[in-house]
Amino acid sequence: MNVPARFDVAIIGAGVNGAGIARDAALRGLRVIVLDKNDMCSGTSAISSRLIHGGLRYLEYAEIPLVYESLHERRCLRRIAEHLVKPLRISIPVFSGARRGTLLIRLGMIAYDILSFNKLLPRHDMLNRDEIKKEEPGLRTEGLLGAARYFDAQVKFAERLVLENLLAARSAGAEIRTYSEVREIRTCDGAVDAIFYIDRDGNEHEVGVDAVVNATGPWVDEVLKTAPKTSKRFVGGTKGSHIIVSSFEGAPKDAFYVEAAADGRPFFIIPWNDQYLIGTTDIRYDESLEEIRASRAEVDYLVAETNRVFPQANLGVGDINFAYAGVRPLPYREKGPESAITRRHIIKVNRKIAKGLISIIGGKLTTYRNLAEQTVDRLAKILRRKLPECRTRDTLLPGAWGIDRAREQLAAADFVTERASDRLLSIYGGRAAAVLELATTDPDLAMMLDTEGRYLAAEIAFVIREEFAASLTDIVFRRTMAGYDSDQGRPLFPAIAALAATEFGWTTNEQDGELRKLIDYADSFRVAE
Ligand SMILES: Cc1cc2nc3c(=O)[nH]c(=O)nc-3n(C[C@H](O)[C@H](O)[C@H](O)COP(=O)(O)OP(=O)(O)OC[C@H]3O[C@@H](n4cnc5c(N)ncnc54)[C@H](O)[C@@H]3O)c2cc1C
């Protein structure tokens, strides 16, 4: 494919918002280039609670349009990415003395059902004390009054959702450049004219563009500083951390949304990837945006609150498999409670800085598609172009095609275990058929990498050839998703490194160096006892 000398739009940041905008813009015929300073989905989009949800809590802040939009988008994502976005049943236990009593929760549930009137998921139900104890025997009995139960959705691996948006953008002609850090937005006569970036080898590049979308999440203000004119502050992040533990004594079947005793904030305990994802915290944050870690105080808070609700859990810091933390790119507000800052997105046209420049402030995983549609509509006006209608609402993401056929083909392949087949479908959807094809054409790639028979060697070649993975960390943490197994996929590291070395043509030294970086990265998720 010929790479154009000049692009209609450069999208800086390949998180969920940048990827979604790239897909929409490319599908509507714009010449698009996407740049990320790291791998795709290496920022906020990778550290969330992984829910595709209406945001029940936003009802408390009367963010009705946001809840409505989110519930609508939840339905849409279930349709266009059925392999990635799955229904999730959530229970809200009610304890005596809690800030939110049974009546308030019931009203919230009714409002949630009404706002998602055309939903495909079942409505809420209310359970009395005995009913919820029967369903969830590990739940604390003391002060328990009953529970509400409702459905939302979960994207187990948001990384794959982001990737599939980029793959769709690439198929529609977009140019994707990871490990490309934008250092300057250049202007001519007050309008965006070019972006200057540095690649992973330190080479400098300039690309001519007519518009720029700054979709860098918490880095939005940093990127704006690279434009010739200064601006006020737009993003004021709050930090959120999660801990991940293996199943514990008394662990719930369903996800739980619980009011913390310490501060009355609701937090989630969610069955995720054969483990439990517990979070989040919400703390104003003004420090470095690189290598953010869950603090000991946050970890202790989440452990203590989980033990309070599920007393047999008796979790300690040593039970944590790993933890992750990041910053919500929320609109900047000098004061006020963190939880009250709006979760609505703002598509900021920065015409005072440069014509043709847009910044994305906020935005949830759940609403990325709609945000992208609105952004491309804005771009059309800025570029004075009549673009076709948005198609992302109904066009399936690449892995959502051919799932049944891929399932049949996997079942017929004698070297693929049932576990591997289920895993492959949940990661690659219908594209698992292409992974299988690689394995059938090359016997070296038809091996299983682990004794449990879950990982297929062909995946490594596939994600390098087809999904622009450029390092072992990309492969393990953002493509095969082995990095989020309870052992972080560590037993697989040497075999993956050997396969990647063959694909990339690495020397032994290069392979060792990559392996070291991967181990350091995996270690960075560990919580010190
Ligand atoms: C703790 C927590 C829990 C959350 N839970 C949920 C949830 O359950 N459901 C939900 O819907 N939403 C949730 N969210 C919100 C959601 O995750 C984020 O708002 C969303 O992922 C933001 O995506 P983004 O693409 O704007 O930013 P990011 O994902 O941060 O992407 C920005 C990208 O820009 C790149 N970048 C930065 N500077 C440069 C540069 N100079 N050049 C090139 N690239 C650059 C970064 O490398 C990064 O990849 C949660 C957020 C947090 C923090």
Side-chain angles (χ1 to χ4, degrees), residues 42-51 57 90 93 95 138-140 154 156-159 218 237-252 255-330 337-339 473 477 481 483-490 519-529:
S42 51
T44 323
S45 303
I47 57 85
S48 76
S49 306
R50 300 168 185 271
L51 295 175
R57 197 175 61 81
I90 304 179
F95 293 102
L139 185 62
R140 189 180 104 191
Q154 179 181 47
K156 185 160 79 167
F157 296 125
E159 295 79 356
T238 68
K239 183 184 177 197
S241 296
H242 290 85
I243 56 171
I244 292 88
V245 299
S246 296
S247 187
F248 46 84
E249 186 76 36
F256 265 72
Y257 195 28
V258 190
E259 185 178 295
D263 57 3
R265 277 194 68 250
F267 74 102
F268 287 102
I269 302 170
I270 308 170
W272 173 73
N273 201 27
D274 297 331
Q275 300 161 83
Y276 284 83
L277 175 67
I278 303 172
T280 168
T281 53
D282 198 1
I283 305 163
R284 273 182 192 275
Y285 187 81
D286 256 328
E287 290 157 48
S288 164
L289 292 172
E290 312 305 322
E291 299 186 6
I292 302 165
R293 303 275 170 269
S295 71
R296 185 56 195 252
E298 289 175 288
V299 166
D300 287 345
Y301 164 90
L302 293 171
V303 166
E305 292 294 346
T306 307
N307 285 336
R308 190 183 57 81
V309 187
F310 292 97
Q312 296 159 48
N314 204 15
L315 294 172
V317 173
D319 296 308
I320 297 173
N321 296 335
F322 51 92
Y324 59 65
V327 171
R328 295 176 185 81
L330 304 178
E338 291 85 342
S339 48
T473 313
F477 281 90
M481 307 316 301
Y484 291 123
D485 283 352
S486 59
D487 58 7
Q488 296 187 290
R490 285 173 192 257
I519 293 167
D520 287 349
Y521 188 79
D523 285 350
S524 73
F525 287 77
R526 280 192 161 157
V527 177
E529 278 191 60

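Just the heavy atoms: all of them, side chains too, but no hydrogens, waters or symmetry mates, feed the values below.
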Is [X] reaching over with its side chain to a backbone N or O of [Y], donor-acceptor style, under 3.5 angstrom?
| X | Y | value |
| --- | --- | --- |
| Glu259 | Phe95 | no |
| Thr281 | Ser241 | yes |
| Glu305 | Ala262 | yes |
| Arg293 | Val527 | no |
| Asp319 | Gly316 | yes |
| Arg140 | Pro311 | no |

How about [X] and [Y]: do any of their side-chain heavy atoms sit closer than 4.5 Å?
| X | Y | answer |
| --- | --- | --- |
| Thr280 | Phe268 | no |
| Phe525 | Ile244 | no |
| Phe248 | Asn314 | no |
| Val317 | Asp300 | yes |

Query raised in the report: Hey, what's the ring geometry for Tyr484 with Phe322, parallel, tilted or perpendicular (30° and 60° as the breaks)?
Result: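 Tyr484 and Phe322: tilted rings.
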
Margin query: So that I know where these two stand, are Tyr276 and Phe310 an aromatic pair - ring centroids less than 6.0 Å apart?
Written below: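 Tyr276 vs Phe310: aromatic centres not under 6.0 Å.
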
side-chain contact (heavy atoms from CB on, under 4.5 Å) between Ile243 and Leu315, worked out:
CA-CA 11 Å; Ile243 56 171; Leu315 294 172; 5.6 Å; no

Just verifying a value: how many Å separate [X] [atom1] and [Y] [atom2], rounded to the nearest 0.5 Å?
| X | Y | atom1 | atom2 | value |
| --- | --- | --- | --- | --- |
| Met481 | Asn273 | CE | CG | 8.0 Å |
| Asn321 | Asp485 | CG | CG | 10.0 Å |
| Ile320 | His242 | CD1 | NE2 | 13.0 Å |
| Ile269 | Thr306 | CD1 | OG1 | 4.0 Å |
| Ile519 | Thr473 | CD1 | OG1 | 10.0 Å |
| Asp286 | Lys239 | CG | NZ | 13.0 Å |

Check this for me: does any side-chain nitrogen of one of Lys156 and Asp274 sit under 4.0 Å from a carboxylate oxygen of the other?
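Looking at Asp274 together with Lys156, the answer is no, because their closest N to O distance does not fall below 4.0 Å.
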
Looking at [X] and [Y], what are the two nearest heavy atoms and their distance?
| X | Y | result |
| --- | --- | --- |
| Thr44 | Pro218 | OG1-CD, 3.2 Å |
| Ala313 | Asn307 | CB-OD1, 3.6 Å |
| Leu277 | Ser48 | CD2-O, 4.3 Å |
| Phe256 | Pro93 | CD2-CD, 3.6 Å |
| Gly279 | Leu302 | CA-CD2, 3.9 Å |
| Ile47 | Ala325 | CG2-O, 3.7 Å |

Original post:
Could you walk me through whether Tyr324 and Phe477 pass the ring-ring contact (aromatic ring centres under 6.0 Å, His included) check?
Top reply: CA-CA 13 Å; Tyr324 59 65; Phe477 281 90; over 10 Å; no

Within 6.0 Å of CD in Glu290, more than 12 heavy atoms from elsewhere =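 For Glu290, atom CD is crowded (more than 12 foreign heavy atoms under 6.0 Å).
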
- Task: Starting from the C-alpha separation in whole Å, work towards a yes-or-no answer on salt bridge (charged side-chain N to carboxylate O under 4.0 Å, His left out) for Arg50 and Glu159.
- Result: CA-CA 10 Å; Arg50 300 168 185 271; Glu159 295 79 356; 2.9 Å; yes

